Amino acid sequence: MADSNEAKWYVVHTYSGYENKVATDLATMVESRGMQDLICDIKIPTETVTEIKDDKKREVERKIFPGYVLIKMIVTDDSWYVVRNIRGCTGFVGPASKPVPLTDEEVAALGVEKHSVEVGYAVGNNVNIISGPLEGYGGVVKELDVANNSVCVVLSMFGRETPVELELNQISRAD
């Protein structure tokens, strides 16, 4: 096992339906062995879905990847051993001898880690679009949703006010 100082996200395969049990058992094991510095975070990716059954709507939380648990950890012989020997865990995703960490792009796509974004603009500010298909246009910030990484900018196109949804990093404040 290659020792690295930085924790990375790994995917662990579990028996179907055992995801929560594996996550709680692992969290308990990490706590009892004092391994919080090696195994930092355990997540089961879920999404909230609205189900309509018998003309009744209800919000249901579904697992995005049934049979998988994501673990942010530093791989050492000890941490690898602890994760591998949790009941219901069948192993890491990747070659048997060496777990393969997720890339930064994969972590971002899964939405596992929320990165706080500092924005240099507020509602009512004039901004310029710096990337994407509308690059070069200017507009006014109408709504700002930092939690969901989105901003609504009103552009003047073809003589009309047009609201456009963008990501926070696609615009910068106009001087």
Side-chain angles (χ1 to χ4, degrees), residues 4-14 16 19-20 22-24 26-27 30 36-75 92-94 99-175:
S4 170
N5 307 12
E6 196 175 328
K8 294 196 178 338
W9 285 98
Y10 294 88
V11 182
V12 174
H13 196 267
T14 67
S16 191
E19 301 89 358
N20 293 342
V22 167
T24 53
L26 184 56
V30 166
Q36 294 88 341
D37 55 334
L38 292 177
I39 300 175
C40 314
D41 202 356
I42 303 160
K43 290 222 163 81
I44 302 166
T46 57
E47 63 184 348
T48 305
V49 180
T50 305
E51 267 187 2
I52 300 172
K53 198 173 187 182
D54 301 327
D55 294 335
K56 290 182 184 145
K57 276 187 182 182
R58 57 185 203 143
E59 300 283 312
V60 179
E61 197 168 59
R62 277 213 188 116
K63 292 178 183 77
I64 298 173
F65 305 111
Y68 295 95
V69 175
L70 301 176
I71 301 172
K72 185 172 189 173
M73 63 186 281
I74 298 171
V75 176
F92 285 92
V93 172
V100 178
L102 293 172
T103 63
D104 293 341
E105 293 79 24
E106 289 168 329
V107 170
L110 291 172
V112 177
E113 285 185 331
K114 297 282 184 234
H115 294 284
S116 60
V117 178
E118 294 287 321
V119 293
Y121 47 83
V123 173
N125 287 150
N126 287 330
V127 293
N128 291 323
I129 299 174
I130 56 173
S131 71
L134 297 172
E135 184 176 341
Y137 280 90
V140 178
V141 177
K142 181 180 171 191
E143 293 172 17
L144 189 59
D145 188 355
V146 177
N148 290 320
N149 189 34
S150 72
V151 60
C152 182
V153 177
V154 177
L155 307 176
S156 180
M157 291 177 117
F158 311 116
R160 291 191 166 166
E161 299 273 293
T162 307
V164 179
E165 284 282 322
L166 298 165
E167 290 183 4
L168 296 175
N169 62 356
Q170 288 184 293
I171 65 173
S172 69
R173 188 172 180 161
D175 296 326

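Every value quoted in this text rests on a predicted model; they were computed, and no experiment measured them. Atoms considered below: every heavy atom in the structure, side chains included; atoms not considered: hydrogens, waters and symmetry mates.
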- Verify the neighbour count for atom OH of Y121: are there more than 12 heavy atoms of other residues, nucleotides or ligands below 6.0 Å? yes
Return the minimal non-hydrogen interatomic distance between [X] and [Y], and the atom names on each side.
| X | Y | answer |
| --- | --- | --- |
| A23 | I42 | CB-CG2, 3.7 Å |
| Y10 | P101 | CE2-N, 3.4 Å |
| P66 | E19 | C-OE2, 3.4 Å |
| D41 | W9 | OD2-CH2, 3.6 Å |
| G138 | L155 | O-CD2, 3.4 Å |

Expected list for residues 126-134: side-chain donor-acceptor pairs under 3.5 angstrom, two or more places apart:
none

- Item | All side-chain hydrogen bond (donor to acceptor under 3.5 Å, both in side chains) counterparts of E59, not counting sequence neighbours | T50
- Message: Taking side-chain hydrogen bond (donor to acceptor under 3.5 Å, both in side chains) as the definition, give me every residue that meets it alongside R173, ordered by chain and number, with sequence neighbours left out.
- Response: none
- Query: Does E167 have any side chain to side chain contact (heavy atoms under 4.5 Å, CB included) partners at least two apart in sequence or in another chain, and if so, which?
  - Reply: N149, N169, Q170
To the nearest 0.5 Å, tell me how far [X] [atom1] sits from [Y] [atom2].
| X | Y | atom1 | atom2 | answer |
| --- | --- | --- | --- | --- |
| E165 | S150 | CD | OG | 5.0 Å |
| K8 | M73 | NZ | CE | 12.5 Å |
| Y137 | T162 | OH | OG1 | 9.5 Å |
| I64 | I44 | CD1 | CD1 | 11.5 Å |

Mind checking whether [X] and [Y] have side chains closer than 4.5 Å, heavy atoms only?
| X | Y | result |
| --- | --- | --- |
| N20 | K63 | yes |
| L168 | L144 | yes |
| Q36 | V30 | yes |
| L26 | V69 | no |

- Partners meeting ring pair (Phe, Tyr, Trp, His ring centres under 6.0 Å) with Y68 (sequence neighbours left out): H13
- Determine yes or no for a side-chain-to-main-chain donor-acceptor pair under 3.5 angstrom, with E143 supplying the side chain and V151 the backbone. no
- salt bridge (charged side-chain N to carboxylate O under 4.0 Å, His left out) against K142, all qualifying residues, sequence neighbours excluded: none
